Amino acid sequence: MRPIVSHLHLPNKTTYTYNTMIKTHLSNSKSIPALEIFITMKRNGVTCDNYTYPMVLKACKMIRGLCEGKQVHGEIVKLGFFDSDGFVRNGLIGMYCKCRQMSCSRALFDCFHEKDLVSWNLMVSGYVECGDIVEAQKVFDEMPERDVVSWTIMIDGYGKKIGDVSRARLLFDKMHKRDVVTWNIMIDSYTKVGDMVAARDLFDRMQHKSLTTWSIVINGYSQHQNPKEALNVFSLMLSYDIMPDKFCVVGAISSCAQLGALDQGRWIHMYIKKKKITLDVVVNTALMDMYMKCGSTEEARAVFSGMSEKNVVSWNVMISGLGANGFADESLTYFSQMERERIQVDDLVYVSVLSACSHGGFVTKGLEIFRRIRNPKVEHYGCLIDLLVRAGRLEQALSFIASMPMEANKDLWGSVLLGCRVQRNVSLGEFVLNKLKEVGGDDCGVYVLMSNIYAANGMWEEVMKMRKILVEKGVVKESGKSVIEVVDGGVVEFVCGQQLQNRKEDMERVLWSLSNMVDLE
DNA sequence: ATAGGGTTAG
């Protein structure tokens with residue numbers, strides 16, 4: 001039987017239709033189309049109700065559209081929704097918070113009486129987002145009641161936003177009821193400051209992990225130079241039959257890139273395709289970078305050309321990767337193509353393209369590109385200096401340094417010192433060494449380089465002085481190491497000068513892998 | 001109202 005409902009209680013049919021359309025767009029994070037529907041709605045004279053406005057405000061919030069938000073605010077006040085509806089009021093506060101207009105949020109917040117928990121939480125998170133933890137704490141203290149969300153926002157504020165993890169942990173320990181998000185934010189606070197031990201401790205103690213939890217830990221290890229552990233956690237995840245999502249695979253792929261683990265990277269690529277994990281720009285770019293770092297330019301090119309969406313980062317990976325792999329001219333071709341397609345070139349891309357010129361010995365081209373950089377940063381000068389020094393144009397490099405609008409940094413002087421080594425220029429080398437001392441960049445490598453310059457000129461007494469400084473400083477040159485991927489997907493590391501007696505098994509793994517690579521025809 | 005990802009010279 002059809003329910004009998006009085007027509008008076010039915011919502012305005014047209015309004016309802018439009019609201020549904022707006023809702024659909026919002027749930028697909030399409031804020032602009034949602035706002036367009038709102039505009040059409042008004043143009044057609046359709047009534048907007050207290051379901052329309054919170055959604056529209058959410059759309060304004062998503063695009064940080066302060067102007068649009070203010071207009072909607074005006075309408076709301078005129079129609080009287082502000083006084084009657086809590087969702088509308090909270091929508092306005094949230095919109096102003098996202099637009100970093102805390103004084104507006106505050107004024108609204110203060111002027112109405114029935115504040116609910118959401119209103120309070122909005123204010124706390126607003127101040128946290130704006131970096132004003134002091135004000136956030138004040139509001140938090142004034143709250144008549146707090147829930148998990150309130151506490152979690154404060155942990156986020158102390159831990160992730162300002163890096164005060166001990167303060168965040170204090171709050172975390174004080175809470176009697178925590179949810180997954182609380183744990184994730186606490187763990188992420190530790191990874192952000194690089195304390196992977198504390199992060200791992202919480203991770204291991206956590207009862208119900210979400211995909212976000214795994215992603216935080218995998219990416220944390222990957223971003224803090226522990227790609228091996230990142231891959232260990234990734235395989236642990238797979239061994240529990242948990243299906244990773246696009247966030248988790250990115251950390252794993254980037255770890256393969258750092259390790260040069262090509263086969264493992266390929267395996268993950270296959271796995272992603274097989275399990276239909278979303279291949280968005282970021283995942284694809286990570287894959288390209290992995291192939292590039294592993295020296296497989298063909299596979300990187302294949303991923304790049306198959307990408308439906310590309311951004312600056314993808315182009316940059318292509319340009320820097322080709323340059324690093326010795327395809328300087330092709331790298332430049334991609335750079336011009338990028339410019340032709342009118343993709344905004346950023347600082348990093350200029351660094352990549354200049355270094356490609358440097359590798360390819362394209363001095364004139366490099367100089368030409370450098371002149372096109374509108375506000376060259378010290379890194380760009382560094383690339384330029386490197387380019388000139390490698391081409392043997394030491395004097396020109398020095399005059400560029402003199403013309404720089406900023407102070408030269410240690411990397412830059414390091415490039416010049418390298419040039420001195422090539423040209424066996426002692427006096428300039430000594431000058432540069434002093435500069436390096438001034439900027440605090442006289443690390444062990446610099447003294448090794450300087451001693452090489454002296455040695456190249458047969459100045460053995462000076463060489464001994466450099467050696468003495470090295471010993472006095474207690475600096476130890478970081479050992480060279482080889483990281484070899486073996487057939488079972490693992491990685492074996494050999495450090496230069498290390499004892500090999502106990503490494504029989506590892507050596508056998510490498511030999512076994514090598515024998516498997518031999519093409520048996 | 002609170003949570004996760006990719007790129008940089010030597």
Side-chain angles (χ1 to χ4, degrees), chain A residues 90-91 93-94 97-98 116-126 128-129 146-157 159-160 178-189 191-192 210-220 222-223 244-254 257 278 280-290 292-293 311-321 323-324 346-359 377-387 389-390 410-419 421 445-446 449:
Chain A
N90 285 340
I93 293 184
C97 284
K98 236 337 170 268
D116 58 8
L117 193 53
V118 177
S119 329
W120 284 93
N121 284 343
L122 272 165
M123 289 309 291
V124 179
S125 86
V128 162
E129 279 302 318
R146 303 174 190 95
D147 65 354
V148 202
V149 179
S150 333
W151 285 86
T152 307
I153 296 168
M154 287 310 289
I155 293 177
D156 179 53
K160 287 176 61 190
R178 312 174 187 102
D179 65 7
V180 211
V181 183
T182 320
W183 281 86
N184 286 345
I185 291 181
M186 194 59 236
I187 294 176
D188 205 22
S189 299
T191 72
K192 287 275 132 60
S210 66
L211 281 178
T212 309
T213 322
W214 289 94
S215 148
I216 289 168
V217 173
I218 294 171
N219 286 298
S222 152
Q223 287 159 11
D245 63 1
K246 57 178 180 173
F247 295 97
C248 302
V249 294
V250 162
I253 297 165
S254 152
T278 324
D280 65 7
V281 222
V282 180
V283 179
N284 274 318
T285 308
L287 282 168
M288 279 170 53
D289 181 54
M290 182 272 294
M292 282 297 192
K293 295 266 161 63
N311 62 20
V312 220
V313 185
S314 336
W315 284 91
N316 188 31
V317 167
M318 210 56 198
I319 291 165
S320 69
D346 67 5
D347 286 346
L348 249 62
V349 177
Y350 278 120
V351 170
S352 304
V353 75
L354 285 176
S355 94
C357 290
S358 197
H359 283 281
K377 305 262 165 58
V378 69
E379 306 92 271
H380 299 126
Y381 277 98
C383 291
L384 184 73
I385 302 307
D386 187 63
L387 176 85
V389 158
R390 279 166 186 260
K410 61 181 170 68
D411 300 317
L412 208 144
W413 286 120
S415 293
V416 183
L417 195 63
L418 195 75
R421 165 71 186 92
V446 166
L449 202 53

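In what follows, every chain begins at residue 1, and chains take the letters A, B, ... in the order their sequences are listed. Because only heavy atoms are used, hydrogens play no part in the values below, and waters and symmetry mates are left out as well, while side chains stay in. What you are looking at is a predicted structure, and each value in this text was computed from that prediction instead of being measured.
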Original post:
For nucleotides 2-7 of chain B, read 5' to 3', which letter fits each nucleotide if B means a protein heavy atom sits under 4.0 Å from the base, S means only the sugar-phosphate is that close, and - means neither?
Top reply: BBBBBB
How is [X] classified with respect to the nucleic acid when contacts are heavy atoms under 4.0 Å: base, sugar-phosphate, or nothing?
X         : value
Asp147(A) : base
Arg146(A) : nothing
His359(A) : sugar-phosphate

Using the side-chain hydrogen bond (donor to acceptor under 3.5 Å, both in side chains) criterion, which residues pair with [X]? Sequence neighbours excluded.
X         : result
Asp156(A) : Lys161(A)
Asp116(A) : Asn90(A), Ser119(A)
Ser314(A) : Thr285(A), Asn311(A)
Ser125(A) : none

Subject >> Under the side chain to side chain contact (heavy atoms under 4.5 Å, CB included) test, residues paired with Arg421(A) that sit two or more places apart >> reply: Leu449(A), Asn452(A), Ile453(A), Ala456(A)
Separation of [X] atom [atom1] from [N] atom [atom2], in whole Å?
X         : N       : atom1 : atom2 : value
Asp411(A) : dG10(B) : CG    : P     : 11 Å
Trp413(A) : dA9(B)  : CH2   : P     : 22 Å
Ile93(A)  : dA1(B)  : CD1   : C1'   : 11 Å

Original post:
Rounded to the nearest 0.5 Å, how far does NZ of Lys293(A) lie from OG of Ser254(A)?
Top reply: 7.5 Å
